[in-house]
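In this chain, residues are counted from 1 in sequence order. Every heavy atom of this structure was used, including side-chain atoms; hydrogens, water molecules and symmetry mates were not. Atoms within a ligand are numbered from 1 in the order they appear, just like the ligands themselves.
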Amino acid sequence: MTALDDALGDVYTEVLRRNPGELEFHQAVREVLESLGPVVAKRPQYTDAAVIRRLCEPERQLIFRVPWVDDAGRVQLNRGFRVEFNSALGPYKGGLRFHPSVYLGIVKFLGFEQVFKNALTGMPIGGGKGGSDFDPKGRSDAEIMRFCQSFMTELYRHIGEHTDVPAGDIGVGGREIGYLFGQYKRITNRYESGVLTGKGLTWGGSQVRTEATGYGTVFFVQDVLAARGASFDGRRVVVSGSGNVALYAAEKVQQLGGVVVACSDSSGYVVDDKGIDLELLKDVKQARRERIAVYAAESGARFVEDGSVWDVPCDVALPCATQNELDGGHAETLVRGGCVVVAEGANMPCTPQAVRVLESAGVVFVPGKAANAGGVATSALEMQQNASRDSWSFEHTEARLAEIMHGIHERCLETADEYGRPGSYVAGANIAGFTQVADAMLALGVI
Ligand code: NDP
Ligand code: 2IT
């Protein structure tokens, strides 16, 4: 761990005390604080106005009961969350995650990350996150719908196009956003398109939002490689996960001439030196909602049950599944296999130890706040289209996404230079995101 100076150490101690047991939140806060030493040294007004302390305390935290009835007529019970973290730059904005592991500490880590990520996009959006410990696996469409309706029956009173705008995350995609939007519309009697993003294309959604996070991550890595006179052409790429982010990261890698040799889900990984057949993988995972072993059986790829996808040697690694999925040992394996870039498509997939191993071995590491910001940036483009009752073409929207990712890449490098950490995407992303939110908070007074 990098030591924290006195003022930042005090903030961290207070975060530990106020948020007991929320390990992922502690980890996310520490990671940002470790970058802020040069900032507080240069700009004491942030400490004087307790900006960092206030930034670590969500503006509002909602926890609610979500009862619903399953197909067998039994009453089921889940817990819902929405953490409205920071609205200095705009309405709270961030996804909803439905996964059995969800608890307050996960939602807060995600909301905290979202604040800085959203600032980095340059769009007028604050940060928030929500979700539930509901497990969608094995549930029928009707059960998913009843759950979403019950969840929205509480959430609707807290959200709005100028207040808080949720979207998808793990376990929440177009189907769930549809049921959530339908219930919001029914309860409020308003066709308020801008209240949710990730909507379907025929009812207010944006082109490219589905693809945006994965595509954006790969656009960012394209800039990283270009800065080193390289490209994706012929590169071996490993992508973890096989959900929304992973599938579209893989698709863009292939479009740029790279070979995606392995991907995974929570049951294991598939590896194929010829490259993954993405059309088949999409059919298995998105259309049929099957496990990745079914892809292996139908494609002839090798399936390694319960194995780590990071055992597969590659030039570029894109962790796109979940938090802390790539640890120090995995990082050492990647280094030995010749990996040159690791970019986080997921939120905080690399443990702090993994980041240390990668950086000390000279592997370029791009944190999620920068690498996966294309998803929420395109959500903000969806909000723009909704506000102006317009809809843009795929080409125009993808060009905007590419331009935004390019801008984030430049901003990270410029900021890292300015604060004496040349080449560090971690320092650049944390400091650029932080200073933008902190300056707005100073201007808005003690609120
Ligand atoms: P999906 O639900 O579409 O896919 C998640 C994938 O990750 C699945 O393959 C899933 O496997 C795997 N996974 C999830 N949890 C675990 C776990 N505990 N252990 C092992 N594998 C797991 O989610 P997304 O693709 O939307 O999200 C992936 C990551 O990207 C998350 O970290 C999310 O926060 C982040 N992200 C998402 C954005 C978006 O726009 N959707 C934007 C920015 C970041 P299985 O099916 O077996 O559970
Ligand atoms: O982590 C993320 O940035 C997301 N899940 C997307 C959030 C959004 O509002 O589009």
- Message: Please report whether atom 10 (C) of ligand 1 has a protein non-hydrogen atom at a separation of less than 4.0 Å.
- Response: no
- Note on the structure: Taking only non-hydrogen atoms of Arg291 and a 4.0 Å limit, the atoms of ligand 1 in range are 45 (P), 46 (O), 47 (O)
- Query: Atoms of ligand 2 less than 4.0 Å from Ala167 heavy atoms?
  - Reply: 8 (C), 9 (O), 10 (O)
- the protein heavy atom lying closest to atom 4 (C) of ligand 2 turns out to be Lys129 NZ, 3.6 Å
- Query: Is the Phe112 ring parallel, tilted or perpendicular to the Phe116 ring (thresholds 30°, 60°)?
  - Reply: perpendicular
- Query: Which ligand 1 atoms, with their elements, are less than 4.0 angstrom from a heavy-atom of Ala346?
  - Reply: 29 (C), 30 (O), 32 (O), 35 (C)
- Message: Under 4.0 Å from a heavy atom of Cys320: which atoms of ligand 1 are those, numbered in the order shown and with their elements?
- Response: 28 (C), 29 (C)
- Message: Under a 4.0 Å threshold between the charged nitrogen and the carboxylate oxygen, would Arg97 count as salt-bridged to Asp133?
- Response: no
- Note on the structure: Residue, atom and distance of the protein heavy atom nearest atom 3 (O) of ligand 2 read Lys117 NZ, 2.8 Å
- Message: Please evaluate residues His158 and Asp164 with respect to the criterion side chain to side chain contact (heavy atoms under 4.5 Å, CB included), reporting the C-alpha separation (whole Å), side-chain torsions for both, the decisive distance (0.1 Å), and the verdict.
- Response: CA-CA 7 Å; His158 308 290; Asp164 183 355; 5.5 Å; no
- Check whether any N or O atom of Asn372, backbone or side chain, sits under 3.5 Å from an N or O atom of ligand 2, and answer yes or no. no
- Task: Please determine which of Val83, Asp169, Val115 meets the side chain to side chain contact (heavy atoms under 4.5 Å, CB included) test together with Lys129.
- Result: Asp169
- Item | CD on Glu290 to NZ on Lys285, rounded to 0.5 Å | 9.0 Å
- Query: Who's the nearest protein heavy-atom neighbour of atom 10 (O) of ligand 2, and how far?
  - Reply: Ser379 OG, 2.6 Å
- Message: Show the atoms of ligand 1 that are less than 4.0 angstrom away from any heavy atom in Asp169.
- Response: 26 (O), 33 (C), 34 (O), 36 (N), 37 (C)
- Query: Without hydrogens or angle criteria, can the side chains of Glu24 and Tyr103 be said to hold a donor-acceptor pair below 3.5 Å?
  - Reply: yes
- Query: Would you say Arg97 contacts ligand 1, with heavy atoms under 4.0 Å as the rule?
  - Reply: yes
- What protein heavy atom sits nearest atom 6 (C) of ligand 1, and how far away is it? Gly243 N, 4.0 Å
- Task: Return the residue, atom name and 0.1 Å-rounded distance of the protein heavy atom closest to atom 6 (C) of ligand 2.
- Result: Arg209 NH2, 3.5 Å
- Look at atom 9 (O) of ligand 2 and say which protein heavy atom is nearest, naming residue and atom and giving the distance to 0.1 Å. Lys93 NZ, 2.6 Å
- Exercise: identify the closest heavy-atom pair between Val102 and Gly131: CG1-C, 4.3 Å
- Is the closest basic N to carboxylate O distance between Arg175 and Asp141 below 4.0 Å? yes
- Does Glu57 pair with Arg18 as a salt bridge, N-O distance under 4.0 Å? yes
- Task: Identify, by atom number and element, the atoms of ligand 1 in contact range of Gly241, meaning under 4.0 Å from any of its heavy atoms.
- Result: 9 (O)
- Item | Under 4.0 Å to a heavy atom of Thr213 - the qualifying atoms of ligand 1, by number | 38 (C), 39 (C), 40 (O), 42 (C), 43 (C)
- Give the residue and atom name of whichever protein heavy atom lies nearest to atom 18 (N) of ligand 1, and the separation in Å to one decimal. Thr322 CG2, 3.7 Å
- Are a donor atom and an acceptor atom from the side chains of Asn347 and Glu113 found within less than 3.5 Å of each other? no
- Relative to atom 5 (N) of ligand 2, which among Thr121, Ile125, Asp169 owns the nearest non-hydrogen atom? Asp169
- Query: Hey, does Ser242 sit under 4.0 Å from ligand 1 if you only count heavy atoms?
  - Reply: yes
- Query: Given that the side chain starts at C-beta and the backbone is N, CA, C, O, which of these parts of Thr213 lies under 4.0 Å from ligand 2, counting heavy atoms, or is it both or neither?
  - Reply: neither
- Message: Any heavy atom of Gln323 closer to ligand 1 than 4.0 angstrom?
- Response: no
- For Gly168, is at least one N or O under 3.5 Å away from an N or O on ligand 2? yes
- Task: Going by the salt bridge (Lys or Arg N to Asp or Glu O under 4.0 Å) test, name the single residue among Lys93, Lys199, Arg209 that passes it with Glu382.
- Result: Lys199
- Message: If we set the cut-off at 4.0 Å for heavy atoms, which region of Glu113 has an atom near ligand 2: side chain, backbone, both, or neither?
- Response: neither
- So, Glu31 and Lys369, do they make that salt bridge, N to O below 4.0 Å? yes
- Message: With a 4.0 Å cut-off on N to O distance, would you call Glu398 and Lys252 a salt bridge?
- Response: yes
- Message: Check for me whether Lys137 has a heavy atom closer than 4.0 Å to any atom of ligand 1.
- Response: yes
- Salt bridge between Glu359 and Arg356, side-chain N to carboxylate O under 4.0 Å? no
